[in-house]
Undergrad: 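Once you've had a glance at the structure underneath, I'll fire off some questions.
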Amino acid sequence: MSYVDRVLENLKAKNEAQPEFIQAATEVLNSLKPLLDKDDKYEKNAILERITEPERQIMFRVPWVDDNGNIQVNRGFRVQFNSAIGPYKGGLRFHPSVNLGIIKFLGFEQIFKNSLTTLPIGGGKGGSDFDPKGKSDREIMAFCQSFMTELYRHIGQDTDVPAGDIGVGGREVGYLYGQYKRITSLYEGVLTGKGLTFGGSLARTEATGYGLIYLTNAMLKAAGKSLEGQTVVISGSGNVAIYACQKAQQYGAKVVTMSDSTGWIYDKNGIDLDAMREIKEVKRGRCKDYIAKHPDAEYHEGKGVWTVKCDIALPCATQNELNEQDAKTLVANGCYAVGEGANMPSTLEAIDVFIKGGVLFAPAKAANAGGVATSALEMSQNSERLSWTFDEVDAKLKGIMEGIYDNMASAAKEFGCEGNFVVGANIAGFRKVAEAMIAQGVC
Ligand code: NDP
Ligand code: 2IT
């Protein structure tokens, strides 16, 4: 049995109830085979066994009082996966579906993503099964304060630096930061995605969506194509989806769909992003509210954006939102490029359809790395107690995304898989972390 198969078998036996984590590990480990076959130092140093086991996993009780005076209890998580190349770095997700397996898959992906940014950040992730939907600001604050009352002892600007993810945006980061400061008396860059008045970086809000488009554009350019005049379908209508839509529109693309967990909008005239932002960022409303302003657009309940004919698909909602059948439908309808804004949005079977179908496929850990890269730029600004202009940060972000494209494309080529950016991104991200782990000895 090969080294990869042996490690995967053991991982499955040990983590039976964590299908998302197994899925993420299977994708990464299988695509490392060309590298591992070439050099046995990875096996000799037990790198796969070590890199698939988090350095530390923290689970804790989060009690809080709701607006009716009732005591609620949620479960909090922080998985500190790998610190070989820097302090643990990765977002916090507040969503009822959160469990240890979800946080482990996200933390595992983060190791390689963060390595690809070329910046000194290790991999971590956290969150809670708390559902922010329908909660008052006071309830959100009470929850965030309770969450931080335990989390603070495990994090710090040089130890572990959380940020946002699904359900955690500027409001939540603000409440979390206030509680950290109150408990520790430290005014430090312990979180990223902070407000602009207390150490946040310009362009961090836009960074993941913009970065997705910068990388997708680099991939298209290398294939002699561009976003200009292309029809784009986007899923989701949160932070990543909104700024991917904005940048795609700036590049001359026509974005025709957006969605949330209840339904989706098809606007053949192109999404009116100002209307969508008003609904989502100001009113915290639902996609179906878009119809009031645009009665010509279509609203459908459930899932369905992948049935819309397009040139380019950008999944920006959540894991496993795009399955094998969706991939076949997209390819049959002429979609020739996919950029993953969400983490692990495509199932393993869907990825297979894209790769075999010759679709230009930019995997999440490369395509959505712009968010965490800009978080690392926020950490730099906090350390030097300066703040850079929007244009400075945006230019650095663009350079980083173009660098990631070059790096994953050349790694794929080096290992005989030209154009397979899954192999390229995984090998390029893994190599740096593995070298650091070997140099640092058994730890
Ligand atoms: P938001 O909370 O801002 O938005 C999430 C969007 O996805 C909402 O439209 C939400 O709909 C939808 N969604 C969430 N869960 C589901 C589900 N189970 N089924 C269908 N739709 C769902 O999160 P972000 O935009 O920040 O994150 C989106 C994705 O991007 C995630 O995979 C995240 O991990 C990833 N990501 C985020 C980064 C960031 O900087 N924020 C960086 C890199 C990756 P609804 O409101 O109905 O729940
Ligand atoms: O998945 C991700 O990369 C994020 N949610 C952003 C993490 C961060 O630390 O900015």
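Ligands are counted one by one from 1 in listed order, and the atoms in each one are counted from 1 as well.
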Undergrad: Which word best sums up how the rings of Phe81 and Phe21 line up, parallel for under 30°, tilted for 30 to 60°, or perpendicular for over 60°?
TA: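 Ring orientation, 0 to 90° scale: tilted.
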Undergrad: Is it true that Arg431 and Glu435 make a salt bridge, defined as a side-chain N closer than 4.0 Å to a carboxylate O?
TA: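 The answer is no: the pair does not qualify as a salt bridge.
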Undergrad: Please confirm whether Arg93 comes under 4.0 Å of ligand 1, counting heavy atoms of the residue only.
TA: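 Heavy atoms of Arg93 do come under 4.0 Å of ligand 1.
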Undergrad: What is the nearest protein non-hydrogen atom to atom 3 (O) of ligand 2, stated with its residue, atom name and distance?
TA: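 Minimum-distance protein heavy atom for atom 3 (O) of ligand 2 reads Lys113 NZ, 2.8 Å.
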Undergrad: Can Lys221 be said to sit on top of Tyr405's aromatic six-ring, NZ or CZ under 6.0 Å from centre and within 45° of the ring axis?
TA: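 Judged by the rule (NZ or CZ under 6.0 Å from the ring centre, within 45° of its axis), Lys221 is not positioned above Tyr405.
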Undergrad: Check this for me: does any side-chain nitrogen of one of Lys113 and Glu109 sit under 4.0 Å from a carboxylate oxygen of the other?
TA: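 A salt bridge is absent here (no side-chain N lies under 4.0 Å from a carboxylate O).
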Undergrad: Among protein heavy atoms, which sits nearest to atom 6 (C) of ligand 2, and what does the distance come to when rounded to 0.1 Å?
TA: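 The closest heavy atom on the protein side is Arg204 NH2, 3.6 Å.
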Undergrad: Counting distance only, does the side-chain N/O of Glu378 pair as donor-acceptor with the main-chain N or O of Ser201 below 3.5 Å?
TA: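 Yes, Glu378 side chain to Ser201 backbone: donor-acceptor pair under 3.5 Å.
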Undergrad: Among Asp260, Thr262, Ile102, Thr318, whose heavy atom sits nearest atom 17 (C) of ligand 1?
TA: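 It is Thr318 that holds the nearest heavy atom.
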Undergrad: For Asn368 and ligand 2, does the shortest N/O to N/O distance drop below 3.5 Å?
TA: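 It does not: no N or O of Asn368 is found under 3.5 Å from an N or O of ligand 2.
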Undergrad: For ligand 2, which atoms, with element, lie under 4.0 Å from some heavy atom of Gly164?
TA: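 That gives atoms 4 (C), 5 (N), 6 (C) of ligand 2.
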Undergrad: Which of parallel (below 30°), tilted (30 to 60°) and perpendicular (above 60°) describes Phe147 and Phe60?
TA: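 The arrangement is tilted - the two ring planes meet at 30° to 60°.
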Undergrad: Ignoring hydrogens, just give me the one of Gly238, Ala342, Gly236, Ala317 whose non-hydrogen atom is nearest atom 28 (C) of ligand 1.
TA: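 That would be Ala317.
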Undergrad: Do Lys280 and ligand 1 have an N or O pair less than 3.5 Å apart?
TA: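 No, since none of the N or O atoms of Lys280 sits under 3.5 Å from an N or O of ligand 1.
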Undergrad: Between Lys303 and Glu321 (salt bridge meaning N to carboxylate O under 4.0 Å), is one present in this structure?
TA: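 So Lys303 does not pair with Glu321 through a salt bridge.
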Undergrad: Polar-atom distance check: Lys133 versus ligand 1, any N or O pair below 3.5 Å?
TA: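 Yes.
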Undergrad: Which residue and non-hydrogen atom of the protein lie closest to atom 10 (O) of ligand 2, and at what distance in Å?
TA: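 Looking at atom 10 (O) of ligand 2, the protein heavy atom closest to it is Ser375 OG, 2.6 Å.
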Undergrad: Heavy-atom distances under 4.0 Å are what count here, so tell me which part of Leu106 touches ligand 2: side chain, backbone, both or neither.
TA: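 Neither part.
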Undergrad: Among all protein heavy atoms in this structure, tell me which lies nearest to atom 9 (O) of ligand 2, with the distance rounded to 0.1 Å.
TA: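 Heavy-atom neighbour on the protein nearest atom 9 (O) of ligand 2: Lys89 NZ, 2.7 Å.
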Undergrad: Under 4.5 Å between any side-chain heavy atoms of Asp137 and Met141, yes or no?
TA: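 No - every pair of side-chain heavy atoms lies 4.5 Å or more apart.
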Undergrad: Can you tell me which residue and heavy atom of the protein come closest to atom 7 (C) of ligand 2, and the distance to 0.1 Å?
TA: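 Among all protein heavy atoms, the one nearest atom 7 (C) of ligand 2 is Gly91 N, 3.5 Å.
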Undergrad: Please state whether the rings of Tyr290 and His294 are parallel, tilted or perpendicular, taking 30° and 60° as the class boundaries.
TA: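 Tyr290 vs His294 ring planes: parallel.
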Undergrad: Give the residue, atom name and distance (to 0.1 Å) of the protein heavy atom nearest atom 4 (C) of ligand 2.
TA: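 Nearest neighbour among protein heavy atoms for atom 4 (C) of ligand 2, to 0.1 Å: Lys125 NZ, 3.7 Å.
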Undergrad: Might you check, step by step, whether the distance between atom 37 (C) of ligand 1 and some protein heavy atom is under 4.0 Å?
TA: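 Yes, there is a protein heavy atom closer to it than 4.0 Å.
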Undergrad: With a 4.0 Å cut-off, would you call Asp160 and Arg78 a salt bridge?
TA: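 Salt bridge: yes.
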Undergrad: State if Ser259 counts as touching ligand 1 under the rule of any non-hydrogen atom under 4.0 Å.
TA: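 Ser259 counts as a contact of ligand 1 under the 4.0 Å cut-off.
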Undergrad: Within ligand 2, which atoms have a heavy atom of Ala163 less than 4.0 Å away?
TA: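 Under 4.0 Å from Ala163, ligand 2 has these atoms: 8 (C), 9 (O), 10 (O).
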Undergrad: Polar contacts were defined as any N/O atom of the residue lying under 3.5 Å from an N/O atom of the ligand; does this apply to Pro162 and ligand 2?
TA: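 N/O-N/O distance below 3.5 Å does not exist for this pair.
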